[in-house]
Trainee: 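What follows is a structure written as structure tokens; I'll ask about it next.
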Amino acid sequence: MRRTVFNEDHEAFRETIRAFIEAEVVPVYDEWFAAGQAPREFYYKLGELGIFGINVPEEFGGAGMESHKFEAVLYEETARAGVQFGGSGVHVLLALPYIKMLATDEQKKRFLPKFVTGEEMWAIAMTEPGTGSDLAGMKSTAKLSEDGTHYVLNGAKTFITGGVHADKVIVCARTAAPTAEDRRHGISLFAVDTKSEGYSVGRKLDKLGLKTSDTAELAFVDVKVPVEDLLGEENKGFSYLGHNLASERWGIAFGAYAQAKAAVRFAKQYVQERTVFGKPVAHFQNTKFELAACQADVDAAEAVADRATEALDAGELTPAEAASAKLFCTEVAHRVIDRCLQLHGGYGYMNEYPIARLYADNRVNRIYGGTSEIMKSIIAKDMGL
């Protein structure tokens, strides 16, 4: 079937991104992998390329687009090359929607121009040690000062993608205690400057995969946050967090599909070049059948991912539909990547081969943004079960 989700502008963007990856990322990617993060300077290059400004209004230096299809192209091209753009994904996919939705005009004028250029990289800090997905259980607090000029932030966060290089972090903290009727009451969002006194970056976490994406622990000890840096209204943070979950889960779903597609490409290339018992591995019927089954899975995931993309751009992607897309695409990717690694034999277990890195990178897709089990609960509830 002919794919219709992308037009000529998207394909021209694809060519630009593919050339950029080949010139700027592939030659140094092994160094990033060994270091456990992309260099901070790389984000300036992404800013120059216009990656950060695609969905930012023109008045703040962006391109003014309202489509996620350019992000989709990025997912496909980075997966195709077996690379990642460090921790920059959270800058656009997670942080930007909150700025656009909650920031005042004055805040947008302060935040967005530097966001577009990469001069200020953003992250978002929700998860705390011991709470996991239970955001209503967070303990971090932000208390308004007696003179009303600032909040005093205390607490700790963990698993913060982009946390090492971040210049600004959207921090979720309690400005009021939960009520007996609503545990989610009392959470607010703040744009916190990482240079603030009392703000510190703890361990850079050693993850199974996503090695070039810096992930950190954060701590706040009496950090002063100006009242001008409150995002949205006080105590309404939990509802804001739920508002952007559909786009976040779309991103994970589309990224997982792109990884599955790349895995088939890597495996096909490998089995055509690798010789066993005097014949290419691709010659054997089992190899053909395995790759054919994987391709069928990828075709189905592509259809789901594309449909979700169209719905998201139209503003019609429901929480249940986003959960369904994430569940399906991440489970398909898990299955496909595992089978493609198997076709590599022992070499598939070596990190010098992109399939090995892809295997590790993919595993978190069924955890973050809501586990597969949570996705099933959302879908079941939507079914009236």
Trainee: Checking the side chain of Y240 only, and the main-chain atoms of L231 only, is there a donor and an acceptor separated by less than 3.5 Å?
Mentor: no

Trainee: Ion pair present between D214 and K204, side-chain N to carboxylate O less than 4.0 angstrom?
Mentor: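 No.
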
Trainee: Using a distance-only test with no angle check, is there a side-chain donor-acceptor pair under 3.5 angstrom linking Q107 and D229?
Mentor: no

Trainee: Between the side chains of T175 and N235, is a donor N or O closer than 3.5 angstrom to an acceptor N or O?
Mentor: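 Their side chains do contain a donor-acceptor pair, which is all the 3.5 Å distance test asks for.
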
Trainee: So do L96 and L112 actually touch side chain to side chain, heavy atoms under 4.5 Å?
Mentor: yes

Trainee: Cation-pi check, R357 to F33: give yes when NZ or CZ is under 6.0 Å from the six-membered ring centre and within 45° of the ring axis, no otherwise.
Mentor: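 Cation-pi check for R357 and F33: passes.
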
Trainee: For K207, does the NZ atom have more than 12 heavy-atom neighbours from other residues, nucleotides or ligands under 6.0 Å away?
Mentor: yes

Trainee: T78 side chain to L74 main-chain N or O, any donor-acceptor pair under 3.5 Å?
Mentor: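 Confirmed, T78 side chain pairs with L74 backbone.
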
Trainee: Do other residues, nucleotides or ligands put more than 12 heavy atoms under 6.0 Å from E8 CD?
Mentor: no

Trainee: Regarding T141 and N154, do their side chains bring together a donor and an acceptor under 3.5 Å, going by distance alone?
Mentor: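 Not at all, the side chains of T141 and N154 share no donor-acceptor pair under 3.5 Å.
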
Trainee: Counting neighbours of CG on D105 that are heavy atoms of other residues, nucleotides or ligands and sit closer than 6.0 Å, is the number greater than 12?
Mentor: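 It does not: D105 CG has 12 such atoms or fewer within range.
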
Trainee: Under 3.5 Å, is there a donor-acceptor pair linking the side chains of E128 and S140?
Mentor: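 Per modelled atom types, E128 and S140 side chains form a pair under 3.5 Å.
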
Trainee: Does any donor atom in the side chain of Y43 or E48 lie under 3.5 Å from an acceptor atom in the other side chain?
Mentor: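 Side-chain D/A pair, Y43 to E48: absent.
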
Trainee: Could K100 and E66 be called an ion pair, given the rule that one side-chain N must be under 4.0 Å from one carboxylate O?
Mentor: yes

Trainee: Ignoring hydrogens and geometry, is there a side-chain-to-backbone donor-acceptor pair from H91 to G87 under 3.5 Å?
Mentor: no

Trainee: Using ring pair (Phe, Tyr, Trp, His ring centres under 6.0 Å), reason through H185 and F238 one step at a time and then give a plain yes or no.
Mentor: CA-CA 7 Å; H185 172 76; F238 199 93; over 10 Å; no

Trainee: Applying the 4.5 Å side-chain criterion to the ILVMFWY set and letting contacts propagate, would F190 and F115 be lumped into a single cluster?
Mentor: no

Trainee: Which of these, F6, F20, F70, sits in a ring-ring contact (aromatic ring centres under 6.0 Å, His included) with F13?
Mentor: F70

Trainee: If the threshold is 4.0 Å, N to carboxylate O, is there a salt bridge linking E316 and R307?
Mentor: no

Trainee: Ignoring hydrogens and geometry, is there a side-chain-to-backbone donor-acceptor pair from S377 to E373 under 3.5 Å?
Mentor: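 Pair found, side chain donor or acceptor close to backbone of E373.
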
Trainee: Looking at K211 and D206, is any side-chain nitrogen of the basic one under 4.0 Å from a carboxylate oxygen of the acidic one?
Mentor: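 A salt bridge links D206 with K211.
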
Trainee: Have D361 and Q84 got a donor and an acceptor in their side chains that come within less than 3.5 Å?
Mentor: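 Yes, side-chain donor-acceptor contact under 3.5 Å.
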
Trainee: Please determine if K157 and E217 form a salt bridge, counting it only when a charged side-chain N lies under 4.0 Å from a carboxylate O.
Mentor: no

Trainee: Between I54 and V5, is there shared hydrophobic-cluster membership here, with clusters defined by ILVMFWY side-chain heavy atoms closer than 4.5 Å?
Mentor: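 Yes, I54 connects to V5 through the hydrophobic network.
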
Trainee: Nearest 0.5 Å please: distance from the CG atom of L385 over to the NZ atom of K376.
Mentor: 14.0 Å

Trainee: In sequence, state the C-alpha distance, the side-chain angles, and the governing distance for E106 and R110, and then conclude on salt bridge (charged side-chain N to carboxylate O under 4.0 Å, His left out).
Mentor: CA-CA 6 Å; E106 184 276 330; R110 282 194 288 128; 2.6 Å; yes

Trainee: Does one side chain, of E11 or N7, offer a donor that lies under 3.5 Å from an acceptor on the other?
Mentor: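 No pair is found: no donor N or O on one side chain lies under 3.5 Å from an acceptor on the other.
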
Trainee: Give a yes or no on whether R40 atom CZ has more than 12 heavy-atom contacts from other residues, nucleotides or ligands under 6.0 Å away.
Mentor: yes

Trainee: Less than 4.0 Å between a side-chain N and a carboxylate O, is that true for K109 and E59?
Mentor: no

Trainee: Looking at E302 and R3, does any basic side-chain N land under 4.0 Å from a carboxylate oxygen?
Mentor: yes

Trainee: Before you tell me yes or no, could you show the steps for F111 and W122 under ring pair (Phe, Tyr, Trp, His ring centres under 6.0 Å), namely the whole-Å CA-CA distance, both residues' side-chain angles and the distance that decides it to 0.1 Å?
Mentor: CA-CA 10 Å; F111 298 153; W122 287 66; 5.0 Å; yes

Trainee: Return yes when atom NZ of K195 has more than 12 non-hydrogen atoms of other residues, nucleotides or ligands closer than 6.0 Å, and no otherwise.
Mentor: yes

Trainee: What's the verdict on salt bridge (charged side-chain N to carboxylate O under 4.0 Å, His left out) for E77 and R14, showing C-alpha distance, side-chain angles and the deciding distance?
Mentor: CA-CA 7 Å; E77 290 305 307; R14 184 187 303 278; 2.9 Å; yes

Trainee: When Y199 is tested against each of L153, V169, D193 for side-chain contact (heavy atoms from CB on, under 4.5 Å), which residue passes?
Mentor: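 Output: one option passes, namely V169.
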
Trainee: Could you tell me if E119 and Y44 have a donor-acceptor pair between their side chains, going purely by distance under 3.5 Å?
Mentor: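 No, because no side-chain N or O of Y44 sits under 3.5 Å from a partner of the opposite role on E119.
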
Trainee: Decide if atom NZ of K236 counts as having more than 12 heavy atoms of other residues, nucleotides or ligands within a radius under 6.0 Å.
Mentor: no

Trainee: Looking at E331 and R335, does any basic side-chain N land under 4.0 Å from a carboxylate oxygen?
Mentor: no

Trainee: Once rounded to the nearest 0.5 Å, what's the spacing between atom CG of L358 and atom CG of L341?
Mentor: 9.0 Å

